[in-house]
Amino acid sequence: MKKILDCIADAIKPAFTDSGYDESFARITLSNRPDLCEYQCNGAMAAAKTYKKKPIDIANDVAERVMNGPHRDMFSQITAVMPGFINIRLGESYVAEFLNAMDKEPKYGMEEIGKDETIIVDYGGANVAKPLHVGHLRSAIIGESVKRLGRFLGYRMIGDVHLGDWGLQMGLIIEELRDRKPDLPYFDETFQGEYPKEPPFTISELEDIYPTASAKSKEDDSFKVRAQEATFQLQNGHRAYRAIWRHIMSVSLADLKKNYGSLGVTFDLWKGESDAQEYIPGLIEDLENKGLAYESQGALVVDIAREGDSKELPPCIIRKSDGAALYATSDLGTILDREKKYSPSKYIYITDKRQELHFIQVFRVAKMAGYVKESTPMVHLMFGTMNGKDGKPFKTREGGVMRLENLVADINDAVYERIMENRTVSDDEARATAGIIGLAALKYGDLSNQASKDYVFDMDRFISFEGNTGPYILYTIVRIKSILAKYKETGGQAGIKGKILGAASEAEKNLMLQITKYHEVIPGSFGETAPHKICQFIYELSDAFNKFYNSTMILKEEDGERQASYIGLIGLTKGVLETCIDLLGFEAPERM
Ligand code: ARG
């Protein structure tokens with residue numbers, strides 16, 4: 001469906017051309033003076049320069065032609081005002097018809113702009129065998145939303161978790177396991193048989209092994225050297241270590257899937273750094289052959305600095321002097337894999353902004369070497385830090401790193417208590433509802449901020465049912481659900497969704513105009529990889545609904561047709577809100 005701003009522009013274009021001005025001047029924006037009008041066209045000001053006329057004369061010409069032209073019924077007001085603005089209000093019935101059309105269309109008339117285009121979204125980025133902590137939370141939440149948004153718009157979105165599964169943590173675990181269970185066959189150099197199918201640890205043991213080993217390596221240098229050696233052996237195909245690695249992978253993957261699942265986050269690909277390794281020898285050879293990679297102080301590097309860079313950018317290190325695999329090299333190998341299997345037309349990576357330099361380096365090398373077409377956008381969506389109320393990175397009360405599952409549990413408990421304050425539901429239902437609201441509070445609290453900014457995790461604010469919060473949006477949806485249910489109960493015209501009539505009040509018109517922004521906001525927020533724009537939209541839409549609700553007796557309305565129209569309108573409001581929260585990655589409960 002055409003966006004409402006474009007519909008208005010199209011209706012005004014002939015007035016420009018008939019008066020002898022180019023139609024490109026018929027650009028419409030939302031009014032920045034809502035007290036005066038709903039939309040405005042500033043084209044006369046721009047046209048005045050081109051045609052050397054007074055802006056107000058052009059504006060008058062155009063306004064008059066529209067009012068006497070074939071589209072006059074679309075408008076309730078078109079006025080030229082000094083120095084040359086055209087102020088516009090839409091006619092009540094035009095807006096109603098626009099909404100009725102929207103209501104009939106799949107996805108409320110959202111244009112599928114993404115046909116045939118494949119986009120890789122690299123998000124999540126958990127490190128295997130290390131607990132998921134709040135640092136991984138933002139990547140998961142933002143990435144899931146970006147993926148859903150693109151998919152909704154018809155893109156073929158491929159979400160890849162890109163696990164950190166090939167680093168030093170593996171060597172640390174292997175050596176700690178050796179210290180704990182030296183009798184395992186993996187540590188018997190003479191062992192020739194098949195290694196056990198059963199993992200040598202449970203997830204809770206594994207969760208203990210890594211932090212212990214990591215702490216040990218900081219105090220005990222010889223342990224650290226052993227871990228580095230084991231990592232190197234693993235990377236070079238050591239049979240026993242590979243077997244342990246596979247156990248680490250299977251045990252942690254099950255746990256990761258569960259954790260991500262509880263956040264409503266799913267991936268199409270569960271690949272990791274290890275999957276890139278087969279590409280690396282060829283990659284290095286190719287970069288050398290192309291004259292891009294050269295030896296520098298024993299390492300192999302590629303210069304990526306360019307004229308015009310605002311700061312000095314160090315070369316990308318492809319191979320260290322000790323031959324160890326590197327983060328950037330893995331990412332380049334991964335790109336080769338993705339190009340071969342999916343030839344994506346765009347890449348979106350979602351990580352902490354501390355990885356900015358890494359991605360500048362990787363993107364430049366990928367393009368210089370011709371692995372990715374110059375025209376293929378490679379986007380690094382960088383996010384800021386989630387801070388505690390003290391303004392420092394969020395920690396547990398004891399000052400440790402907060403584990404994701406504990407954070408989720410805390411927020412659910414807080415919501416549960418709030419629900420139980422005015423208890424009307426069973427305990428089980430309250431628990432289930434608290435889970436749904438808690439997730440919304442957490443995700444909305446994060447997504448409603450511009451991703452690049454740091455934000456403060458403020459539990460009390462996030463779970464509040466008032467203000468710009470997830471629970472407030474859910475509350476609005478639940479309120480609509482309850483009106484619709486009561487309408488059905490009272491018989492009326494049960495189940496029949498009314499045709500929406502022209503607005504009967506200013507609050508109703510405002511609600512209607514809010515809804516029409518939907519076609520603009522969704523693709524806009526995807527194009528800018530900015531889910532916070534959807535949050536802003538649904539917050540304003542919820543506000544507009546609640547103002548309408550407070551000023552309108554929906555269920556007591558005596559005119560049956562008018563009442564059915566209200567029902568149609570609030571049903572559409574609910575549908576749009578539900579569509580949007582699904583794109584943000586959460587849902588509404590039945591009651592709250
Ligand atoms: N595992 C990394 C980390 O925890 C994030 C991975 C991001 N994705 C990528 N392709 N490098 O920092």
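Keep in mind that the numbers below use all heavy atoms, side chains included, and drop hydrogens, waters and symmetry copies. Ligands are counted one by one from 1 in listed order, and the atoms in each one are counted from 1 as well.
- The distance between the ring centers of Tyr195 and Tyr186 falls below 6.0 angstrom.
- Residue Asp303 comes nearest to Pro315 through the heavy atom pair OD1-CB, 3.6 Å, listed as atom of the first residue, atom of the second, then distance.
- For the pair Lys443 and Phe586, the NZ or CZ position fails the cation-pi test of under 6.0 Å to the six-membered ring centre and within 45 degrees of the ring normal.
- In this structure, His136 counts as a contact residue of ligand 1, since one of its heavy atoms falls inside 4.0 Å of the ligand.
- Not a single N or O atom of Ala126, backbone or side chain, sits closer than 3.5 Å to an N or O atom of ligand 1.
- The shortest heavy-atom distance from Phe359 to ligand 1 is under 4.0 Å.
- Heavy atoms only, all atoms of each residue included: Ser145 and Leu583 are closest at OG-O, 3.0 Å.
- Ligand 1 has no N or O atom lying under 3.5 Å from any N or O atom of Glu273, backbone or side chain.
- Which of Asp331, Thr351, Asp122 comes nearest to atom 8 (N) of ligand 1 through a heavy atom is settled by distance: it is Asp122.
- Residue Thr469 comes nearest to Arg461 through the heavy atom pair CG2-O, 3.2 Å, listed as atom of the first residue, atom of the second, then distance.
- With hydrogens left out, the protein atom closest to atom 7 (C) of ligand 1 is Tyr327 OH, 3.5 Å, a heavy atom.
- The pair Lys395-Asp390 does not count as a salt bridge, with every side-chain nitrogen at least 4.0 angstrom from each carboxylate oxygen.
- For ligand 1, the atoms closer than 4.0 angstrom to any heavy atom of Tyr349 are 10 (N).
- The closest protein non-hydrogen atom to atom 4 (O) of ligand 1 is Asn127 ND2, 3.0 Å.
- Looking at atom 12 (O) of ligand 1, its nearest protein heavy atom turns out to be Gln355 NE2, 2.9 Å.
- Inter-residue side-chain proximity for Tyr123 and Phe267 is flagged as met; some heavy-atom pair is nearer than 4.5 Å.
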